[in-house]
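Working notes, structure below.
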2 protein chains.
Amino acid sequence: MTETRVPTPTLERLATYLRVLLDAREAGVQTLSSRDIERLSGISAAQFRKDLSYFGEFGKPGVGYSTQQLIECIERILRLDREQPMLLVGAGNLGAALVGYPNFRAHRFRIAAVFDNNFVKIGRPFGDLIIEDIARLKEVNAQIGAQIAIIAVPANAAQEVAEQLVDAGIRAILNFAPTSLKVPPWVYVRNVSFLQELAVLSYHLAQEPKHSRDGWTGELPSEPTRPASLAARVKETSDAI
Amino acid sequence: MTETRVPTPTLERLATYLRVLLDAREAGVQTLSSRDIERLSGISAAQFRKDLSYFGEFGKPGVGYSTQQLIECIERILRLDREQPMLLVGAGNLGAALVGYPNFRAHRFRIAAVFDNNFVKIGRPFGDLIIEDIARLKEVNAQIGAQIAIIAVPANAAQEVAEQLVDAGIRAILNFAPTSLKVPPWVYVRNVSFLQELAVLSYHLAQEPKHSRDGWTGELPSEPTRPASLAARVKETSDAI
DNA sequence: GGCATGTTGTGAAAAAATTCACAGATACCA
DNA sequence: TGGTATCTGTGAATTTTTTCACAACATGCC
Ligand SMILES: NC(=O)c1ccc[n+]([C@@H]2O[C@H](COP(=O)([O-])OP(=O)(O)OC[C@H]3O[C@@H](n4cnc5c(N)ncnc54)[C@H](O)[C@@H]3O)[C@@H](O)[C@H]2O)c1
Ligand SMILES: NC(=O)c1ccc[n+]([C@@H]2O[C@H](COP(=O)([O-])OP(=O)(O)OC[C@H]3O[C@@H](n4cnc5c(N)ncnc54)[C@H](O)[C@@H]3O)[C@@H](O)[C@H]2O)c1
């Protein structure tokens, strides 16, 4: 393991590799090569190997990677090897989808408490939880000890909520509100913006269709007509988990 | 306007600039400098100017940018200057949040139809819409003419749905399912993965807190102690819309 | 063992993205 | 009018990220 900082794109891809590996394990696959990963994830084999090289050596030349072993390594790197309680703020439409999202558990994330400031909602059930008063945030988290929080309140309330979260000891925030949060340097924030994603899609509609429909068979060419073309295309569809 | 391809990060930031500009217009601000944008968005002034330079010249030296004018330009670039119907597939938890999301309208996106394959759900109301049978996808979109679709079905159904969407004439897909879609080259896909975001947050919890708590006042220094520090920190919180 | 095949890990090269730094434009003021 | 302050747009420098390409290793087969 080197001393170099790990690029953020690498961290993002790690989560994708993990998804692919979990699927493979489910399917009973014991071993995968970097080219298998490329086929399954759309991320190039070289990229995969380089990404892993930031953390150590996990494969065997001539063989590939042990599915089980690599899963364990990536989970350790990403800190997914332990139960992680999270706080959710905002018991609205989006919050409802989030508390009902079963996939969190597969990575040992767990929404441990939900907060709102609407008196009508406080005390009501929300998924498996009871909606708590946002005023009790610090108090409740003293019990839970969550370090991660999700902000799902309207944009104009997000900054205030962020400050309360920081005060309650939160060190990482997933922000769904369309606003740029100002937080102290020890708090890490990631923003999710559906509108941003849609805007990028929209832009591409405006562009000349670089690719014609000719020759599309539904198959990805194993012997690409133009090597760069496959890489470029697949790249765009590759960073899900 | 040059012939260069526009970097994807630039497109993503454009949406953030637009949000900031809309807020400013709302507040009655007529003119903004690139440093104002930096303060409001967390994206550096130089980055902002460079980003715009891919599309032309929009500012006046010594003055800044006309809020109204720049909004119009960015909307045109991002193709947000017209009504855009979208198809939503998957009338589940996430779909419910999406149909109820009012902010889409601010950028002239509109969910024009919702599809599901669950007989119990088909025909029921869903937001302002009635859930349609996925089998009628092509037929319905012949009327609507949507080019953008949102996939909110379980991962194991996503590829099949993507193919149906392509067949129905969709050219851009926002995919919430945790899987890598294979689509023809003329279709542009963006993936949104909450788990990926959480994984990156989780990784950062594991890291040494580079920053100590000393000196944090809750105020962003207007006359930064160390200019680079502010930029670096704010950067992490900067790409919402 | 010797050889063919397949795969990793990684420096080096290339490409992409960001930041710098400054010429030149604009406004304002006395 | 000239002087000062402010701000844009952009080539160039720098930094970051991706891709290439190959030595070194593993396996299986004869
Ligand atoms: N609904 C979506 O699909 C969607 C998509 C992308 C982004 N978002 C964003 O997510 C956020 C939430 O969206 P939503 O659709 O769930 O909104 P919503 O109005 O349904 O829910 C917001 C909830 O936050 C609560 N709230 C408001 N101020 C609060 C405060 N200070 N403290 C605690 N709780 C507070 C409200 O009482 C409400 O229950 C918004 O910022 C929205 O822009 C939503
Ligand atoms: N709920 C969340 O907060 C959340 C967060 C991130 C990602 N996701 C992802 O979004 C997707 C949907 O999540 P959800 O929570 O809404 O799930 P859900 O089970 O509540 O809803 C899925 C819907 O898709 C429908 N469906 C299944 N197969 C279909 C098909 N072939 N054609 C048309 N419709 C079909 C189902 O009938 C159901 O109504 C999943 O892939 C999930 O992983 C959800």
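The nearest whole Å value for the distance from the CD atom in A/Gln47 to the P atom in D/dC20 is 11 Å. For the pair A/Glu38 CD and D/dT19 C1', the interatomic distance rounds to 12 Å; values are reported in whole Å. Note: CZ (B/Phe48) to P (C/dC20) measures 18 Å, nearest angstrom. If you measure from atom CG of B/Leu11 to atom P of C/dT18, you get 11 Å, rounded to the nearest angstrom. Atoms CZ (A/Arg39) and P (C/dT7) sit 11 Å apart, rounded to a whole Å. Rounded to an integer number of Å, the gap from A/Gln30 CD to D/dT27 C1' is 17 Å. Taking atom CZ of A/Arg35 as the reference point, atom P of D/dC20 lies 12 Å away to the nearest angstrom. In this entry the distance linking CZ of B/Arg5 with C1' of C/dA17 reads 11 Å, nearest Å.
Side-chain N/O atoms of A/Lys60 include none lying less than 4.0 angstrom from OP1 or OP2 on C/dG6.
Counting only distance, with no hydrogens or angles, the side chain of A/Ser202 and the backbone of A/Leu198 share no donor-acceptor pair below 3.5 Å.
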What's the verdict on ring-ring contact (aromatic ring centres under 6.0 Å, His included) for B/Phe194 and A/Phe176, showing C-alpha distance, side-chain angles and the deciding distance?
CA-CA 10 Å; B/Phe194 299 3; A/Phe176 284 93; 5.0 Å; yes
Please test B/Tyr188 against A/Tyr203 for ring-ring contact (aromatic ring centres under 6.0 Å, His included), starting from the C-alpha separation and ending with a verdict.
CA-CA 10 Å; B/Tyr188 189 80; A/Tyr203 172 85; 9.0 Å; no
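Taking 4.5 Å as the limit, some side-chain heavy atom of B/Tyr54 sits within range of a side-chain heavy atom of B/Thr10.
Of the candidate nucleotides D/dG9, D/dA12, C/dA27, D/dG9 has the atom nearest to the side chain of B/Glu57. Between D/dA12, D/dG9, D/dA26, one nucleotide has an atom nearer to the side chain of B/Lys50 than all others, and that is D/dA12. The side chain of B/Pro61 lies closest to C/dA25 when the candidates are D/dA24, C/dA25, C/dT10. Nearest to the side-chain atoms of B/Tyr65 among the listed nucleotides C/dG9, C/dT19, D/dG9 stands D/dG9. Of the candidate nucleotides C/dT10, D/dT10, D/dT18, D/dT18 has the atom nearest to the side chain of A/Arg13. Of the candidate nucleotides C/dT18, D/dT17, D/dG9, D/dG9 has the atom lying nearest to any side-chain atom of B/Arg49. Comparing atom distances between the A/Val63 side chain and each of D/dT18, D/dT27, C/dT18 picks out D/dT27 as nearest.
Contact check on B/Glu83 versus B/Arg108 returns no salt bridge, with no Lys/Arg side-chain nitrogen under 4.0 Å from an Asp/Glu carboxylate oxygen.
Residue contacts for A/Ser44: at a heavy-atom cut-off of 4.0 Å it reaches the sugar-phosphate backbone alone, with no base atom in range. When heavy atoms are screened at a 4.0 angstrom cut-off, A/Ser34 is found touching the sugar-phosphate backbone but no base atom.
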